[in-house]
Each structure stands twice: as C-alpha cells, then as structure tokens.
Amino acid sequence: MKILILGANGFIGNALVKNLLMDLRNEIYGLDLECSKLDHSIDNENFHFIDGDINISNEWIEYHIKKCDVIIPLVAIATPNVYVKNPLKIFQLDFEANLKIVKWVAKYNKRIIFPSTSEIYGMCEDKEFNEYTSKLILGPIHKNRWIYSCSKQLLDRVIIAHSERSNLTSTLFRPFNWIGPRLDSLEQARLGNGRVITIFINNLINNQDMVLVNGGLQSRSFTFLDDGIEALIKIIQADPEKLNGKIFNIGNPDGNLTIKELANTMVKIYNEISDKPYKGKVIEKSEADFYGKGYEDVPTRVPCNAEAKKHLEWIPKTNINKAIRITIESFLS
Ligand code: UGA
C-alpha cells in the first residue's frame, strides 16, 4: 500500500511510520519540517521523506495525494498554551492548511484517515463520550482555547459531508491524551508549550514545582502510544468501504486520572527510576494565572470504546502506571 503521511516527524507520525515499515509491502511517503524523530526509519528503502512545509510544498503534496492509496494528514499544533496565545496560528495550520489537503483528497477521490481529537467533545457532560450521540460543547468566543476543537470539528464535518457525497473515503480517529516516547520535546515543555505529561517530566528533571491548574481535580484518560498505533494500523489495513464515514475514539477509560493523581503518580515513579529524588513541590495555580484569560478547562474526558471494539476488535492493553513509567524513562534516557 502507498501511504502519504503529512507530519511524519510528529509524536504520532514517527511511531506510525516505524510500525508501517514492518510490513514490507508498504511504501511510505512522508513530509515534515524536519526528521529529528525519524532516525529509526530514515534509511529504510520503503520510506521516502522530504523536508517540506504543508503551507509551501503544494506541488509535491498534490502529486503524492494523486499517487497514494491512503492520505494521513497529521500536521497540527496540539498544545493548549498555543490555542490561547496564538489562536490564528491554530486556525491557519490546523484548519486552513488541512482543508486544502481534504479538498485535494476529494478531487482525486482518495481515502483519508484524519486525526480528529478528544477535544471535540469540549465540556460534554456525558459519563463516556460517544462518537455518534455525544453533544460537542464549547465555551464562548473569547475563550480562545476552543479554536482548536472548533477547527477540528469543522474539518470533521467537511470530511463526512464529502464521504456522504462519495467524493472521498474517510475514517476519523480521536486520540484521547496519548502519551509515550517522543511526545513534546523538553524544550517545548520548558516554554509551557508541551502537554501536561511532558511539562511534569520537565519539572521533575529540573526540580521545579509541578503546577496543578485549578487544584488538579479535572481528569483525562491517558492512553499509551503503542495501543493507539495498534488501532491506527487496524484502521489502515481494514476494508476502506467498511470504515467509510466512521469515527473512532481511541482512548483508555481505565487510564482515567485526575491531574492531581497524575502528578503524585509521576513523582512516585520518577523517584523509583531516578538516582536523584525530586526536590520540588506540587503547588496549585488558577487557570488564568497559568494559561491566561483565554483558557477554559475540560472537567472530565472518558472515551466510550464500543465502536473501536466492534469494528476494529481493539481494546487498549497497557496499564496506566506502565505507560507513565515508559514515558518518563524515555525522556530520562
Ligand atoms: C489536549 C490537547 O488539546 C491535545 O494534545 C489533544 O488534542 C487532546 O487534549 C488529547 O491529547 O487528547 P488537554 O488534555 O487539556 O488537551 O492538554 P494538557 O496540556 O495535557 O492538559 C491536561 C490537563 O492538565 C489540563 O486540565 C491542564 O489544565 C492541566 N495542566 C497542564 C496542569 O494542571 N499543569 C500543567 O503544568 C499543565
């Protein structure tokens, strides 16, 4: 199968490339701004990588959409601090640049596997979020945090509308707080542009205080990267028609922790692994002090996995403590 991965050097991209190359029948075409996370695959003869920008490399991208069987556009900024500080950057990259890709996929009637997001559900109050019945609840316009969710939601809607008109074949997947090696860099975390797990790892390594935003009672369902990639591979290998227009939550309900529980678990695991125990403290800050006034939080986020179980025969296997341990270890080494 010929597979085009835009954003091949990202957290999901690099792990997906590595996995797909295990099947010698796959030819992977990858584009990204750099290949720093692709050392494991860059010399593989079935991997064709170019340094490129989704905003600039138009000719290359359109040609490869025409040439490939499956298009997986993973380029996006996915860190809440940037949603708040630079919402127009999110609109341009996460929405406009990706809309262009969707239009080409429709023009050539190809298959797109699109990364939607758990953020889509916003402040939904369901106990478990369902792809087909849950309401998508976002906050007011001046809360910039929602521009990412809103951008992804509109792309989901455009893709599904194209699917319904048979302009393309699609499957949407929604990662729920995937964690694992090669997530955000520690430099991004230092600047506050990482996700909570990398920000906490950076705090632990540098003995800085770990901040619980609003007391840390909000929860997330943390999901190990390898489990998520397994689900993605199943989607890629499935009959495209059978999964056409379908949406899958890819998350681990058993990995649901409050951010306070996450912080305490991480301190405990870090102290077991590291030869120097953590000397910082776990402190609390308001969301306005930590992110600025454009922030609003998601109180709880638990995926319903019934769809993935039914159509992909997929369930997450990795215990949350093991996933956290592997993630911390990967950054320490
Ligand atoms: C994330 C991001 O939007 C995307 O990566 C993605 O689409 C989605 O959710 C996902 O991974 O499923 P969120 O879970 O809010 O959103 O992002 P984090 O930065 O990881 O924050 C998680 C929670 O930790 C938030 O409640 C935040 O307020 C809190 N937090 C973050 C802290 O308490 N302290 C910190 O130092 C950082």
Side-chain angles (χ1 to χ4, degrees), residues 7 10-12 74 76-85 87 90 94 114-124 129 138-139 143-153 155-156 172-180 183-184 186 188-204 206 208-225 227-228 248-253 255-267 280-292 294-303 323-324 327:
F11 167 53
I12 297 179
L74 299 174
I77 296 169
T79 45
N81 191 34
V82 187
Y83 315 159
V84 175
K85 302 276 173 350
I90 302 302
D94 296 13
F114 186 73
S116 178
T117 172
S118 64
E119 286 263 325
I120 283 265
Y121 299 103
M123 297 174 289
C124 178
F129 299 165
L138 308 189
K143 297 291 180 190
N144 292 335
R145 187 247 166 80
W146 303 113
I147 197 158
Y148 172 75
S149 175
C150 191
S151 296
K152 287 279 190 181
Q153 184 186 142
L155 284 168
D156 281 11
L172 274 46
F173 66 99
R174 296 188 172 151
F176 277 65
N177 291 79
W178 290 12
I179 61 171
L183 187 58
D184 319 299
L186 291 181
Q188 279 174 288
R190 189 181 68 77
L191 297 169
N193 289 341
R195 279 154 276 202
V196 66
I197 190 130
T198 44
I199 294 176
F200 282 175
I201 292 172
N202 186 56
N203 295 152
L204 288 165
N206 295 301
Q208 294 161 347
D209 292 346
M210 296 162 85
V211 177
L212 301 178
V213 173
N214 289 346
L217 297 181
Q218 64 279 37
S219 75
R220 296 292 185 273
S221 299
F222 295 97
T223 308
F224 191 49
L225 174 68
D227 288 334
F248 295 105
N249 290 336
I250 308 294
N252 185 1
N256 194 266
L257 295 179
T258 65
I259 302 305
K260 193 173 187 172
E261 288 168 335
L262 175 73
N264 292 334
T265 307
M266 288 180 71
V267 172
K281 297 189 292 296
V282 178
I283 61 167
E284 295 183 12
K285 264 192 192 175
S286 73
E287 61 185 25
D289 283 347
F290 192 79
Y291 287 106
Y295 186 77
E296 194 167 31
D297 214 327
V298 171
T300 174
R301 179 189 280 168
V302 183
I324 293 171
T327 307

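Ligands are counted one by one from 1 in listed order, and the atoms in each one are counted from 1 as well.
- Residues forming a side-chain hydrogen bond (donor to acceptor under 3.5 Å, both in side chains) with N214 (at least two apart in sequence, or on another chain): E287.
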_Go through it in stages, so that I can follow the logic: the residues are K85 and T79, the test is side-chain contact (heavy atoms from CB on, under 4.5 Å), and I'd like the CA-CA distance, side-chain angles, deciding distance and then a yes or no._
CA-CA 10 Å; K85 302 276 173 350; T79 45; over 6 Å; no
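- Legend: residues meeting ring pair (Phe, Tyr, Trp, His ring centres under 6.0 Å) with F129, ordered by chain and number and at least two apart, are Y121.
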Expected rows: ligand 1 N/O, protein N/O, dist below 3.5 Å:
| residue | atom | partner | partner atom | Å |
| --- | --- | --- | --- | --- |
| ligand 1 | 3 (O) | Y83 | OH | 2.6 |
| ligand 1 | 3 (O) | E119 | OE2 | 2.9 |
| ligand 1 | 5 (O) | A78 | O | 2.8 |
| ligand 1 | 5 (O) | R195 | NH1 | 3.2 |
| ligand 1 | 7 (O) | T117 | OG1 | 2.7 |
| ligand 1 | 7 (O) | Y148 | OH | 3.1 |
| ligand 1 | 9 (O) | R301 | NH1 | 3.0 |
| ligand 1 | 11 (O) | N177 | N | 3.3 |
| ligand 1 | 12 (O) | S118 | OG | 2.6 |
| ligand 1 | 12 (O) | P175 | O | 3.2 |
| ligand 1 | 12 (O) | N177 | N | 2.6 |
| ligand 1 | 12 (O) | N177 | OD1 | 3.2 |
| ligand 1 | 14 (O) | N177 | ND2 | 2.9 |
| ligand 1 | 14 (O) | R220 | NE | 2.7 |
| ligand 1 | 14 (O) | R301 | NH1 | 3.1 |
| ligand 1 | 15 (O) | R145 | NH2 | 2.9 |
| ligand 1 | 15 (O) | R220 | NH2 | 2.9 |
| ligand 1 | 16 (O) | E119 | OE2 | 2.8 |
| ligand 1 | 19 (O) | V196 | N | 3.4 |
| ligand 1 | 20 (O) | V196 | N | 2.9 |
| ligand 1 | 26 (O) | Q218 | NE2 | 3.0 |
| ligand 1 | 26 (O) | R220 | NH2 | 3.3 |
| ligand 1 | 26 (O) | D297 | OD1 | 3.0 |
| ligand 1 | 26 (O) | D297 | OD2 | 2.7 |
| ligand 1 | 28 (O) | Y295 | OH | 2.9 |
| ligand 1 | 28 (O) | D297 | OD2 | 3.0 |
| ligand 1 | 33 (O) | V211 | O | 3.3 |
| ligand 1 | 33 (O) | V213 | N | 2.9 |
| ligand 1 | 34 (N) | V211 | O | 2.7 |

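- Under the ring pair (Phe, Tyr, Trp, His ring centres under 6.0 Å) criterion, Y295 pairs with Y291, not counting sequence neighbours.
- Within the model, atoms CG of L262 and CD of Q218 stand 10.5 Å from one another, a figure rounded to the nearest 0.5 Å.
- Exactly one residue among V267, N264, I283, I259 makes a side-chain contact (heavy atoms from CB on, under 4.5 Å) with M210. That residue is V267.
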